Amino acid sequence: MQQEYNPADIEANVQQYWQQADTFRAVEDNSKEKYYCLAMFPYPSGQLHMGHVRNYTIGDVISRYQRMQGKNVLQPMGWDAFGLPAENAAIKNKVPPAAWTYDNIDYMRGQLQRLGLGYDWERELATCTPEYYRWEQWLFTRLFEKGLVYKKTAAVNWCPVDNTVLANEQVIDGCCWRCDTVVEKREIPQWFMKITDYAEQLLDDLDQLDGWPEQVKTMQANWIGRSEGLQIEFDLENSDANLAVYTTRPDTLMGVTYLAVAAEHPLSLKAAESNPELQAFVDQCRKMETSEEAMETAEKKGVATGVMATHPITGEQVPVWAANFVLMGYGTGAVMSVPAHDQRDYEFAQKYGLAIKQVIAPAGKESCDLSTAAFTEKGQLTNSGQFDGLSSQASFDAIAKELEQRNKGERQVNYRLRDWGVSRQRYWGTPIPIINCPDCGAVPVPEADLPVRLPEDVIVDGSGSPIKSMPEFYQVACPKCGADAERETDTFDTFFESSWYYARFTCPDNTESMLDERAKHWLPVDQYIGGIEHAVLHLLYARFFHKLMRDEGLVDGDEPFKNLLTQGMVLKDGVKMSKSKGNTVDPQALIEQYGADTARLFTMFAAPPEQSLEWSDKAVEGSNRFLNRLWRFTQAHVEKGSCVALDKGNLSDDLKDLRRQIYQALTKVSDDLGRRHTFNTAIAAVMELMNAVTKNSDDTEQGRAVRQEALEMTALMLAPITPHICDALWRALGHDEAVVNVRWPDIDESALKQDKVELIVQVNGKLRAKIKVNADADKDSIEAQALADEHAQKFIDGKEIRKVIVVPGRLINIVVAG
RNA sequence: GCCGGGGUGGCGGAACUGGUAGACGCGCUGGAUUCAAAAUCCAGUUUCUUCGGAAGUGUCGGUUCGAUUCCGACCCUCGGUACCA
């Protein structure tokens with residue numbers, strides 16, 4: 001054993017051993033319990049950032065711990081390789097996206113290996129290869145046949161100067177990020193997946209996910225947004241057409257004083273032809289961002305269309321307004337407005353002088369003052385004709401029945417969730433496998449012709465996707481009739497690739513089918529780890545895909561991820577590390593200076609995984625200092641030669657104490673690594689043990705034997721977190737096998753037993769004394785001992801004792817008067 | 001705007017089921033070692049204090065023998081918001 005801790009040597013040696021012994025190769029083996037641990041794969045942006053280091057270390061610690069539990073662990077790694085940054089880099093550096101991406105992958109793979117992450121690299125995949133994306137093309141054509149995909153027009157952000165579609169993040173304050181032109185909305189035909197057909201399952205199956213954080217399930221449930229309400233039809237004046245609206249508050253129907261439609265609603269567009277003011281408003285709305293956030297925070301504006309609608313029960317005429325807060329692609333593109341009982345409608349009515357009619361009265365003592373705000377609580381109906389006096393709840397049924405009889409409405413379950421638009425007008429993505437024939441319409445590419453390969457030798461200059469101007473790509477014969485036809489030149493949303501990669505990792509080499517029996521062996525993923533920012537979209541799409549694949553017979557079970565851990569972000573100076581803020585810390589430099597084990601130890605120690613992690617150079621040094629201390633202490637111990645066997649029955653009180661601390665630490669670390677995933681407290685427990693061990697200077701034979709035990713346990717307990725140094729320590733302590741193959745130690749219960757325990761004595765809830773009592777003492781004798789304590793006496797002397805509360809193993813609280 | 005988190009010493013954090021607030025680490029202070037420094041080791045470190053204690057976990061209020069933990073209202077901050085991944 002070397003005198004000094006030299007991480008560069010140690011880490012290179014151990015990593016070489018793992019590679020040569022094929023340690024992390026995962027082979028299906030029914031004799032062992034399987035454990036599939038997956039951390040969200042990275043976008044190959046160029047270099048690893050601290051968020052990656054944290055994410056992948058968490059996964060590796062869990063994987064190594066489970067391996068030490070004797071499980072057959074699968075931990076794969078791959079690349080979420082399609083996406084916008086490759087196109088941006090291509091424009092900037094004049095490199096094709098493919099070359100840029102593959103270079104990045106090669107560099108980042110090396111960085112991951114240097115961190116000592118135990119991946120089965122045989123299973124590596126990159127989503128930008130035809131071997132991968134051909135299978136999602138295949139699935140899409142299957143879904144086409146099943147009617148689960150369809151085409152409709154939808155709005156995109158359009159920059160009229162660059163002549164290109166912009167992502168939401170490329171729109172800054174309503175303007176193009178590159179040329180600062182005001183962005184316009186443009187309606188173009190796009191492919192959609194019917195995720196709403198699975199809305200109910202996606203909601204109900206959340207109940208199966210006991211291993212998911214409650215907050216993530218809540219966010220998903222709210223996102224899906226199931227509601228029960230009524231669809232109500234309003235007849236239009238001078239027209240056969242009618243206007244349908246959906247409401248969850250039919251009890252307020254009698255208070256409707258106007259209707260609002262989206263500016264681009266056909267009704268509004270038609271009215272605008274003869275109304276210049278409305279036309280100006282429609283044009284103005286066209287220059288709005290498409291994001292929900294922008295819509296909701298924008299000032300609420302509207303213009304009367306001049307069209308009147310007939311109230312389905314009273315027959316009264318109410319005006320129809322065009323409003324910027326009504327979304328065309330959402331529900332029916334129209335809403336009924338009840339200013340007295342909805343705050344947004346109230347503010348709109350105040351602004352434009354529309355009528356406010358109260359139809360709900362408070363049932364309890366809630367305040368209702370319609371001169372200041374809407375009354376949005378439920379209550380008792382008033383001013384509602386035949387429904388007067390009913391409760392909000394009772395009126396739901398009564399009004400539903402009335403409307404059904406009049407054929408003017410029906411009950412409906414509605415979801416906030418919208419169908420998934422998967423078309424992107426970009427180059428660097430999976431080509432959508434559809435051919436548009438002038439006679440046959442949209443025709444899926446036949447299986448034999450898959451994959452539709454994305455040409456990689458292209459020039460990207462920011463003026464639109466290069467494949468849109470490549471006849472050799474898009475000119476094809478219709479697979480059905482042979483006529484001249486055109487390929488889709490749009491590509492898939494990159495969430496498409498990341499929605500099923502977890503399954504493909506089980507059989508990435510299969511060239512015959514999307515998945516095989518190995519998927520059924522390994523799935524579901526036992527532990528999934530990734531950023532909280534993916535709580536809704538990615539995780540919902542992956543759950544959706546799992547159900548689609550299940551219905552194709554490709555996988556078993558309803559859900560892909562049994563347990564989920566959502567990690568927090570890595571911050572510096574309180575803000576997220578990012579290139580634009582210039583506050584990034586390069587993991588490469590960190591590893592070169594201190595080694596992978598220090599990088600791993602610091603990221604696990606600085607905060608629990610679910611919280612954000614504040615970067616600190618000084619704390620990194622502290623982590624390195626601890627490893628140095630551990631190394632030197634072990635070295636000094638080993639240097640004095642081998643130890644005799646431990647004689648448990650023949651130890652001094654101090655040594656018994658020390659052994660108890662060893663097994664208390666082991667108890668805590670086992671729970672923290674296996675159940676709680678609080679690696680910071682596990683490390684703290686090991687540090688505490690080390691402090692106790694270094695304080696003990698018993699150099700007798702038994703003293704050295706206990707020290708040997710403590711150091712062995714420390715090497716094992718830290719092995720999942722800092723695997724390189726622990727391998728070297730374990731060997732130095734006299735073992736021949738690699739620590740990665742050692743089983744997690746058992747707890748020696750006999751070492752944990754204590755004769756006396758310390759209890760605290762409170763008087764009126766304040767700490768006043770500490771007493772030692774026999775571990776098996778009964779409540780009465782504990783109480784008596786507490787009352788007799790001289791410190792406690794000072795605070796109870798001469799006062800009336802009202803109550804004494806004894807919490808076994810913890811405390812005694814003496815409640816006195818005055 | 002809406003949905004979901006978070007707020008505890010100078011700093012990162014601990015307190016797991018309502019029971020000793022501040023484990024562990026960083027920083028700082030003092031000491032040892034050194035010609036000197038670095039490194040290392042030892043001791044101390046919430047604030048105030050009349051040295052008895054008192055106050056204290058974003059703010060205000062409540063429940064309880066006892067609240068960082070439960071309930072209500074509010075403030076600040078972070079993530080998501082459907083074309084960033």
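Below, chains carry the letters A, B, ... as their sequence lines are ordered, and counting in each starts from 1. The model shown is predicted, which means the values in this text are computed figures rather than measured ones.
Residue A/Asn168 places its side chain closer to B/rC84 than to any other of B/rU81, B/rG27, B/rC84. Distance from the side chain of A/Ala606 is smallest for B/rG12 among the nucleotides B/rG13, B/rG12, B/rG1. The nucleotide whose nearest atom lies closest to any side-chain atom of A/Phe495 is, among B/rC24, B/rG1, B/rA85, B/rA85. Of the candidates B/rG13, B/rG25, B/rC3, B/rG25 carries the atom nearest the A/Phe605 side chain, counting heavy atoms from C-beta on. The side chain of A/Arg810 lies closest to B/rG19, out of B/rC26, B/rG4, B/rG19. In this structure, the nucleotide among B/rU81, B/rC84, B/rA23 sitting nearest to the side chain of A/Glu169 is B/rC84.
Counting heavy atoms from C-beta on, the side chains of A/Trp223 and A/Leu537 come closer than 4.5 Å. Between A/Leu689 and A/Thr714, some side-chain heavy-atom pair lies under the 4.5 Å cut-off. Side-chain contact between A/Thr681 and A/Lys668 is present, with at least one heavy-atom pair separated by less than 4.5 Å.
Of the nucleotides present, none pairs with B/rG66 by Watson-Crick or G-U wobble criteria with both distances under 3.5 Å. Summarising the base pairing, B/rU34 is matched to no nucleotide, lacking a Watson-Crick or G-U wobble pair whose two defining distances lie under 3.5 Å. Figure legend. B/rG4 is base-paired to B/rC78; pairs are counted as Watson-Crick or G-U wobble with both atom distances under 3.5 Å. Taking a pair to require two hydrogen-bonding distances under 3.5 Å in either a Watson-Crick or a G-U wobble arrangement, B/rC16 remains unpaired.
Taking atom C1' in both B/rC60 and B/rC16, the straight-line distance is 29 Å, to the nearest Å. Atom name C1', nucleotides B/rC75 and B/rG58: the rounded distance is 8 Å, in whole Å. Remark: the separation of the P atoms in B/rC74 and B/rG79 is 23 Å, to the nearest Å. B/rU33 and B/rC28 are spaced 22 Å apart, taking the P atom of each and rounding to whole Å. On the P atoms, B/rG80 is 26 Å away from B/rC70, given to the nearest whole Å.
Within residues 675-683 of chain A, the residues having any heavy atom closer than 4.0 Å to RNA chain B are, in order of number, A/Arg675, A/Arg676, A/Asn680, A/Thr681.
Note that CD of A/Glu497 and OH of A/Tyr133 are 10.0 Å apart. Values are rounded to the nearest 0.5 Å.
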Original post:
In B/S/- notation, 5' to 3', how is nucleotides 61-78 of chain B contacted by protein heavy atoms closer than 4.0 Å?
Top reply: ----B------------S
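Note on A/Ser612: only backbone sugar-phosphate atoms sit closer than 4.0 angstrom, heavy atoms only; bases stay farther off.
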**OP:** Please lay out, stage by stage, how A/Thr722 and A/Asp597 fare under the test side-chain hydrogen bond (donor to acceptor under 3.5 Å, both in side chains).
**Re:** CA-CA 5 Å; A/Thr722 54; A/Asp597 279 337; 4.9 Å; no
Subject >> Worked verdict on A/Ser498 versus A/Asp80 for side-chain hydrogen bond (donor to acceptor under 3.5 Å, both in side chains) >> reply: CA-CA 7 Å; A/Ser498 56; A/Asp80 188 13; 4.6 Å; no
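For a distance-only test at 3.5 Å, the side chain of A/Glu610 fails to qualify as a donor-acceptor partner of the base of B/rG5.
A cation-pi contact, defined as under 6.0 Å to the ring centre and within 45° of the axis, is absent between A/Lys151 and A/Phe192.
Of all the heavy atoms in A/Asp162 and A/Cys176, the pair that sits closest is OD2-SG, 3.6 Å.
If you run ring-ring contact (aromatic ring centres under 6.0 Å, His included) between A/Trp420 and each of A/Tyr541, A/Phe495, A/Trp191, A/Tyr150, only A/Tyr541 comes through.
Atom pair A/Lys668:NZ and B/rA15:P shows a separation of 6 Å (rounding to whole Å applied).
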